[in-house]
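Lettering of chains follows the sequences in order, A, B, ..., and the numbering in each one begins at 1. All figures in this text were calculated on a predicted structure; none of them were measured in a lab.
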Protein chains: 2
Amino acid sequence: MAKLTIRDIAALSGLSKSTVSLVLNNSPKVDPATRRHVLAVMRRNRYVPSFAATALAKGSTRLIGMVVPGLSWHMVASINLGVAAVTEQHGFDIILYTATNDRDYGSLIDRVLTSSMSSGLLVVSHEQPLEPLVQLHQEGMPVVLVNTIDADVALPSVTADNYDGARTAMDHLMQLGHERIACVQGLMRYRCCQDRYRAYLDALREAGIQPDPELTKPGDFVPEQIRARSRELFALPADQRPTAVFAQSDVTAYGVMTAAAEAGLRVPEDVSVLGFDDIESAAQIRPPLTTIQQPFVEMGKRAAELLLSEIGTNDDDPGTDAEPVGEKPSADLPRLVMPTSLIVRASCGPVPVTRSRRGRSQTTKA
Amino acid sequence: MAKLTIRDIAALSGLSKSTVSLVLNNSPKVDPATRRHVLAVMRRNRYVPSFAATALAKGSTRLIGMVVPGLSWHMVASINLGVAAVTEQHGFDIILYTATNDRDYGSLIDRVLTSSMSSGLLVVSHEQPLEPLVQLHQEGMPVVLVNTIDADVALPSVTADNYDGARTAMDHLMQLGHERIACVQGLMRYRCCQDRYRAYLDALREAGIQPDPELTKPGDFVPEQIRARSRELFALPADQRPTAVFAQSDVTAYGVMTAAAEAGLRVPEDVSVLGFDDIESAAQIRPPLTTIQQPFVEMGKRAAELLLSEIGTNDDDPGTDAEPVGEKPSADLPRLVMPTSLIVRASCGPVPVTRSRRGRSQTTKA
DNA sequence: CTGAAAGCGCTTACAG
DNA sequence: CTGAAAGCGCTTACAG
């Protein structure tokens, strides 16, 4: 019952450790019959090579670190599903770092990365500084950012096309006849929120509509804040009130809907509400939320593939200090931007008839 | 820039590897001044011991495996938060196994466990057979089940008090005057669902109400199914229709609410709906859902503590085959059952007046 | 195609 | 309190 080692397997199969090791590593140099025999012995004895010994000898592990900002987000769960699917396929396991605060994040950088515990790092959007990661990456550690929160960093990344998603959202709303469209923003220090807001503005302008600053409200992803700001929106005189609201996340949309209900407004009859993310409950709430779906699972997959390929190429040791690495022009960095999709459900409808031809104080230019 | 080893640190500080190692392991035998010096050298050079080498030499890792059933569940996210909080405190990291299908689960057993990659295993409710785990545990591998789906297994576990939670839910409903209370069940092969259902039945009976089989509907956690079965409930003649529904999960409750809306019934005016879990969106939907909260984060913490203590005691090697381990009487197994809480929101109200004094075909006994 | 030997970077008795 | 040496379980040239 004591753990078997390669030596035991060697003895049991009447061969040397070397040969057993070659079998373990799928070397073509080993005789097929021998290989089969060894494999059988290993199976019969439920032999599994020591993870630590292999890692030490090979100088690398089949482990990738995944840094996530607390798992309460739908996003993280879905991304992980994608990541797990591909890492598993390649025999890699995931070390999960739930960095809920700055402390763990800081220690992580040293601990994980330098100890060569993981051969690569997947970092899901979080608020900590990325410079240490950039440096690590330049020193040869594979790193991929998923859904990064920051603007451009010199790191490979996979993100959703937030700008295009928001444009699609706005197009949908405008096709329904809406012109007085409000925007309840998320955390504007996040790149994704900036992109979504820029799209909101551009969509309006390109349709010849001058955005009304009063229709932009900061929600900051904080429920109370979202609700309070939405109330302001719905307290506007009837002819200034928005006929539609673009919420920068589904949860934000929930807050908007609550405020609408409190104001005695029906969704979508009196006001349309459109979200972003397509979290699980979006289809469950009343009315089901029309929203922009982010392809999180797919993003996770692509990110894992990217990371694994980086690890692959990095397999042959970079060698001496002599030749400087990390001079990569940032143009070389893979930057995947994944398309989003509009999920039409019931929270958006045509602009109310009584409003469709008048009261557009979101001044029309043309 | 090449990775530093203990040898380098030894050289840099003018000492032997042994002494450096002792410092690394906080041995009291080392001179305080020496220790400070070595520590300084390590810090200055950003030295981090090789994870693999340490693991090999010590024969154990500071890694625990966490097996989860796909991360789309609120539950898993919260449990992980708790687990991460305590493992981190003890310098342990988490290997995440997302077992979405039987295949990965099977290979996992061999791979993870025998390779001594992780020193313990945390298994969050999943559907695969637990026997292999029981065996592993008896062979000395620390294993803790969180929110296990099965009935009693000979493994330490942490679960929520599902029975009591459901009783509390029923009490709340009955205090509001409800007697015709329906139950939309989850997956009845899960222990938690059985417990909740048993509580439903008991609560009714102890109040002298004979449960009406027609008011029990299988939802199986499948949205379509939930909605269809709920529709049947609301299609009953007015005097047989339930005035309240106990849904075995929040998502189930969403389905019930949707069906109610479709049937033109208002929540809670015409029918009360009560859930179980308290997922994030429960507070966001309209009306906010009254539900039973499961203390997932806390459960994660307790489970991690349990596991870590198992690992701790197991630190001294079990030794030879000679003395049989695993004879533990199952009474010894820690089985934590955590209390739930009733979260009162707006989805439950008093029984409709027109119904309160009549139409109780859920026959009263006394 | 197979084996003997050195080495991966630590830890741990054992001396001193 | 510190150092020399063996060992953890693999892998990897190098011979043969």
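Every residue meeting the side chain to side chain donor-acceptor pair (under 3.5 Å) condition with B:R35, not counting sequence neighbours, appears here in chain and number order: B:N26. In this view, A:E131 satisfies the side chain to side chain donor-acceptor pair (under 3.5 Å) rule with no residue, not counting sequence neighbours. With sequence neighbours excluded, the residues satisfying side chain to side chain donor-acceptor pair (under 3.5 Å) with A:T19 are A:S16. Taking the salt bridge (Lys or Arg N to Asp or Glu O under 4.0 Å) definition, one finds that A:E305 meets it with A:R302, sequence neighbours left out.
Of the side-chain N and O atoms in A:Y47, one or more sit less than 4.0 angstrom from OP1 or OP2 of D:dC10. Residue A:T34 places at least one side-chain N or O closer than 4.0 Å to OP1 or OP2 of C:dT2.
Within the 4.0 angstrom heavy-atom criterion, base atoms lie near B:S21.
Here the nucleotide nearest the side chain of B:K58, chosen from C:dC1, C:dT12, C:dC10, is C:dT12. Comparing D:dC1, D:dC8, D:dT11 by their closest approach to the side chain of B:L56 singles out D:dC8.
At distances below 3.5 Å, not a single donor-acceptor pair connects side-chain atoms of A:S21 with backbone N or O atoms of A:K17.
Here the C1' atom of nucleotide C:dG9 and the CG atom of B:N25 are 13 Å apart, to the nearest Å. Taking atom CD1 of residue B:I9 and atom C1' of nucleotide C:dG9, one finds them 12 Å apart after rounding to whole Å.
When each of A:I6 and B:D31 is assigned the nucleotide of DNA chain D with its nearest heavy atom, B:D31 is the one assigned upstream, toward the 5' end.
Scanning DNA chain C for stems, defined as runs of 3 or more consecutive Watson-Crick or G-U wobble pairs whose donor-acceptor distances all fall under 3.5 Å, gives the following ranges: C:1-3 with D:14-16, C:5-12 with D:5-12, C:14-16 with D:1-3.
For the residue pair A:L4 and A:I9, the shortest heavy atom distance occurs at CD1-CD1, 4.4 Å.
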Can you pull every protein N or O that's under 3.5 Å from an N or O on nucleotides 3-7 of chain D?
unit_1, atom_1, unit_2, atom_2, d
D:dG3, OP2, B:S16, N, 3.0
D:dG3, OP2, B:S16, OG, 3.1
D:dG3, OP2, B:T19, OG1, 2.8
D:dA4, N7, B:S18, OG, 3.1
D:dA4, N6, B:S18, OG, 2.5

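Judged purely by distance below 3.5 Å, without hydrogens or angles, the side chains of A:T98 and B:N80 pair a donor atom with an acceptor atom.
Residue A:V23 forms a side chain to side chain contact (heavy atoms under 4.5 Å, CB included) with just one option from A:V41, A:V38, A:L15, A:I6, and that option is A:V38.
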